[in-house]
Amino acid sequence: MENFDKKNEIESAEEYDPEIYTLTDEDGNELNFALLGTLEHEGAVYKALIPVNEDGEEESSEYIILKCGVDEDGEDILETIEDDDEFDRIADIFDDEFSDIFYDED
């Protein structure tokens, strides 16, 4: 059973205070991302994140999808989805959910 946490109860952008993640890329650069949604699918948890600037404004219309995991120290981490089939399945689910949200807003 899929569980999708949608933020479609937001009436205006001013009321929306997104959860911000600061991630470090492979070159050591810190980048900020706002959480668009969380998905639980087949026992795993995924997060869709969109890049934002320091003011929390979206820098792109494209989002990334990362898988929640735990490192060797027991700390929660977000990691790249290495399996192409897994990524495609999760991306399709997020795309369907986001199209419903954006369609409902219009």
Side-chain angles (χ1 to χ4, degrees):
M1 182 77 186
E2 296 165 5
N3 178 20
F4 191 83
D5 176 32
K6 293 192 255 185
K7 303 224 183 272
N8 62 349
E9 298 175 6
I10 302 161
E11 292 189 20
S12 72
E14 291 76 29
E15 295 176 22
Y16 178 57
D17 190 20
E19 189 172 338
I20 302 295
Y21 290 79
T22 301
L23 304 178
T24 305
D25 68 12
E26 59 273 353
D27 296 326
N29 300 314
E30 289 188 349
L31 306 168
N32 294 322
F33 292 85
L35 178 66
L36 291 177
T38 301
L39 167 70
E40 184 177 322
H41 182 72
E42 297 180 356
V45 177
Y46 303 88
K47 295 191 182 285
L49 305 164
I50 192 161
V52 295
N53 62 22
E54 289 119 19
D55 297 325
E57 298 170 352
E58 293 178 8
E59 293 185 328
S60 170
S61 61
E62 294 185 18
Y63 61 91
I64 63 168
I65 300 171
L66 297 173
K67 186 175 186 176
C68 298
V70 178
D71 68 10
E72 60 274 353
D73 296 326
E75 297 291 322
D76 291 335
I77 60 170
L78 295 173
E79 53 194 0
T80 303
I81 302 170
E82 300 295 333
D83 182 272
D84 290 339
D85 291 334
E86 177 185 9
F87 180 84
D88 290 343
R89 281 193 315 274
I90 300 307
D92 287 344
I93 295 168
F94 272 121
D95 286 344
D96 288 345
E97 293 296 332
F98 292 151
S99 69
D100 289 346
I101 293 169
F102 295 124
Y103 177 77
D104 288 345
E105 290 178 355
D106 292 339

Participant: Ile81, Phe98: one ILVMFWY side-chain cluster at the under-4.5 Å cut-off?
Facilitator: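 Yes, same cluster.
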Participant: Do any side-chain atoms of residues 49-57 form donor-acceptor pairs under 3.5 angstrom with protein atoms, and if so which ones, sequence neighbours left out?
Facilitator:
unit_1: Asn53; atom_1: OD1; unit_2: Asp55; atom_2: N; d: 2.9
unit_1: Asn53; atom_1: OD1; unit_2: Gly56; atom_2: N; d: 3.1
unit_1: Asn53; atom_1: OD1; unit_2: Glu57; atom_2: N; d: 3.0
unit_1: Asn53; atom_1: ND2; unit_2: Glu57; atom_2: OE1; d: 3.4

Participant: Set out, in order, the CA-CA distance, both residues' side-chain angles and the distance that settles side chain to side chain contact (heavy atoms under 4.5 Å, CB included) for Ile65 and Leu39, then state yes or no.
Facilitator: CA-CA 10 Å; Ile65 300 171; Leu39 167 70; over 6 Å; no
Participant: Would you kindly confirm whether Phe87 and Val45 end up in one hydrophobic cluster when ILVMFWY residues are joined by side chain heavy atoms under 4.5 Å apart?
Facilitator: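 No, it is not one cluster - the side chains of Phe87 and Val45 are not joined through contacts under 4.5 Å.
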Participant: Provide the closest heavy-atom pair for Tyr21 versus Leu78 in the form atom of the first, atom of the second, distance.
Facilitator: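 Looks like CD2-CD1, 3.9 Å.
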Participant: To the nearest 0.5 Å, how far apart are OG1 in Thr38 and OH in Tyr46?
Facilitator: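 Thr38 OG1 to Tyr46 OH: 13.0 Å, rounded to 0.5 Å.
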Participant: Which residue pairs satisfy the salt bridge (charged side-chain N to carboxylate O under 4.0 Å, His left out) criterion with at least one member in residues 65-90, sequence neighbours excluded?
Facilitator: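 Non-adjacent pairs meeting salt bridge (charged side-chain N to carboxylate O under 4.0 Å, His left out): Lys67-Glu86.
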Participant: Residues in side chain to side chain donor-acceptor pair (under 3.5 Å) with Thr22, at least two apart?
Facilitator: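 Here the qualifying residues are Asn32.
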Participant: Heavy atoms only: give me the nearest Ala48-Tyr63 pair and the separation to one decimal.
Facilitator: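 Residues Ala48 and Tyr63, closest heavy atoms: CB-CD1, 3.9 Å.
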Participant: Test: salt bridge (charged side-chain N to carboxylate O under 4.0 Å, His left out). Region: residues 23-37. Which pairs qualify, not counting sequence neighbours?
Facilitator: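 Matches after skipping sequence neighbours: none remain.
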Participant: Rounded at 0.5 Å granularity, tell me how far CD1 in Ile77 sits from CG in Leu66.
Facilitator: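 So the CD1 of Ile77 and the CG of Leu66 are separated by 10.0 Å.
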